[in-house]
Amino acid sequence: MHLLKANYNFIDIMTSISNLQKARAAYQPKLPKALQGPVKAVEGAATQSVGNQAEIKDLFPNTYGMPVVEFEQGTEANTASFNIGVILSGGQAPGGHNVISGLFDGIKSLNPNNKLYGFLMGPGGLVDHKYIELTPEIIDAYRNTGGFDIIGSGRTKLEEVDQFEKGIVILRELGIKALVIIGGDDSNTNACVLAEYYAAKNYGVQVIGCPKTIDGDLKNEQIEASFGFDTACKTYSELIGNIERDCNSARKYWHFIKVMGRSASHIALECALQTQPNICLVSEEVEAKEMSLDDIVSYIAKTVAVRAAQGDNFGTVIIPEGLIEFIPAIKKLIAELNDVLATDEAKAVAREDQIEYVKAHLSAANLATFSSLPAGVARQLALDRDPHGNVQVSLIETEKLLSEMVGKKLAEMKKAGEYVGKFSAQHHFFGYEGRCAAPSNFDADYCYSLGFNASRLVACGKTGYMSVIRNTTAPAEQWIAGGVPITMMMNLEKRAGKFKPVIRKALVELDGAPFKFFAANREKWAVETSYLYPGSIQYWGPSEVCDQTTKTLQLEQNK
Ligand code: FBP
């Protein structure tokens, strides 16, 4: 089997694999009927961006307004041979290997001489010319497995002309006709910029995106779900269910469980729907209700007190990773910090002096918020950003911050005679545990279809498109395959102090069916112990167990 070594060399070594892996390797992912043979591309009407139409049109003159494409069964299959490059970008998400194996099988079915090259460790591999050819042997070793280790991933932001020009050198050298970028909203925004640049320069290289992220926030009218969300949520929900059972057995701890999702609370909400905890915070609601940190703490403390009054000194709280950024006062602070940190003067300040620099440049109101935060949290907000400028919320221990504050609030309530009970907390953070899990049947099929479909978008000459599979609560045979222009998903947003074209992130909609279902049940779940134990992902067995989609998707599609 081929493994990626730390020095990025691929070597042949026979390693043993688990029995489950062996059995799973034989799984043949399902494809929509339209992709099972030759395809015909049916084009819809011209499209528009979701916002700032005039500005996005000006910025993307060559890739704006293109039609949505849907594939139907066609008659012609073979094409002249071509080569493809593929990049895995950003955080890992279950099913990435299946996107690549679907892409591989897709191009081979068009012409067996077609080749697939994988750029190593993310977009940086394209710029630095680090790649491997993905052979049938390598592909077979990674079918239906979790992880991105087939070629590795990275967060290099592709945005400079110099990077695009370095990229075209290696793309030409390898005879690559199209580049497939598998990534989240930021990476697909960059894919769109790259597609526009190569189109403007007439370089003859197409760029296609694939919607990835466990966070579930790359979705819209055309994209029903980003891949990996299904498996990651099922993995976290299994663990949360196990904790709930332990909690209900020992009856002595409150478990504070933070789950990933940098910005949107889709993961927290889906896990709540699967496990019915006592409390689940939803960042989007915190923002809409303009709740302060103290409001959130009081809300949790009151529930603890109500349960304690009935003799239940235990419970579970799910906390979305991005919560802190949605508390209005902190959101305002982060917006100003972004502007303060964006100047050349700020960039030149030595790291050890940055906190003082920031404090000296904040407005009085934001300085007060900044100073009220625990030092570690303030530091994370002010200093550590990823290459896309995002606050690294996975490093902020919100679960501990909240439980400490709840403990203090309960002590005050005890003094005031408003609480009688014991409060002892345990903390968990589920993020990395789920990002490389072996894909569920849904993600295995969905990802394979997304990759296979990308090969058809390339074959029909598309660039600046996202590979899209719809109707996903129906059996895979009935899924609808096609492509959507990435410009259609864009609007202007402020990033690092400047307005930039970006794909609009999908946050939890408070008037959407998943949140409404949760809101209608949460009071009961808070007081009663209504835990649900979803158990581990099953690959074989009754279809209602193995092929179930997320509750979010079911509720959104009214199933
Ligand atoms: P993507 O948006 O790139 O898919 O990554 C999502 C995510 O897993 C978030 O949930 C989390 O906040 C972040 O990545 C962690 O980043 P890192 O992998 O760099 O620690």
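The analysis underlying the following values was restricted to heavy atoms, covering all of them including side chains, and did not include hydrogens, waters or symmetry mates. Each ligand, and each atom within it, is numbered from 1 in the order the structure gives.
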Exercise for review: Heavy-atom distances under 4.0 Å are what count here, so tell me which part of Tyr432 touches ligand 1: side chain, backbone, both or neither.
Suggested key: side chain
Practice item. Consider every N or O of Arg435 and every N or O of ligand 1, then say whether any pair is closer than 3.5 Å. Key: yes
Point to revise | Check: Glu224/Gln557 side-chain N/O donor and acceptor closer than 3.5 Å | key: yes
Exercise for review: Taking atom types as modelled, find out whether Gln206 and Thr463 have a side-chain donor-acceptor pair closer than 3.5 angstrom.
Suggested key: no
**Study point:** Centroid-centroid distance, Tyr446 to Phe227, less than 6.0 Å
**Key:** no
Review point. Under a heavy-atom criterion of less than 4.0 Å, does Lys212 contact ligand 1?
Key: yes
Revision key, fill the gap. Per-atom filter on ligand 1: closer than 4.0 angstrom to a heavy atom of Gly91 are 1 (P), 3 (O), 4 (O), 5 (O)
Practice item. Select one of side chain, backbone, both or neither to describe which atoms of Asp215 lie under 4.0 Å from any atom of ligand 1, heavy atoms only. Key: side chain
Practice item. Decide whether an N or O pair under 3.5 Å exists between Gly90 and ligand 1. Key: no
Review point. Testing Glu238, His428, Gln426 for side-chain contact (heavy atoms from CB on, under 4.5 Å) with Ile243, which one passes?
Key: His428
Point to revise | Mode of Gln92 contact toward ligand 1 - side chain, backbone, both, neither (heavy atoms, under 4.0 Å) | key: neither
Check your understanding: Looking only at heavy atoms of Ala93, does any of them come nearer than 4.0 Å to an atom of ligand 1?
Key -> no
Review point. Can you check whether Phe229's main-chain N or O pairs, donor with acceptor, with Lys234's side chain at less than 3.5 Å?
Key: no
Point to revise | Pair Thr231-Ser440, side-chain donor/acceptor within less than 3.5 Å | key: yes
Practice item. Indicate yes or no: does Glu325 engage Lys331 in a salt bridge with an N to O separation below 4.0 Å. Key: no
Exercise for review: Heavy-atom contacts with Gly261 under 4.0 Å: which atoms of ligand 1 show up? List them by number with element.
Suggested key: 10 (O)
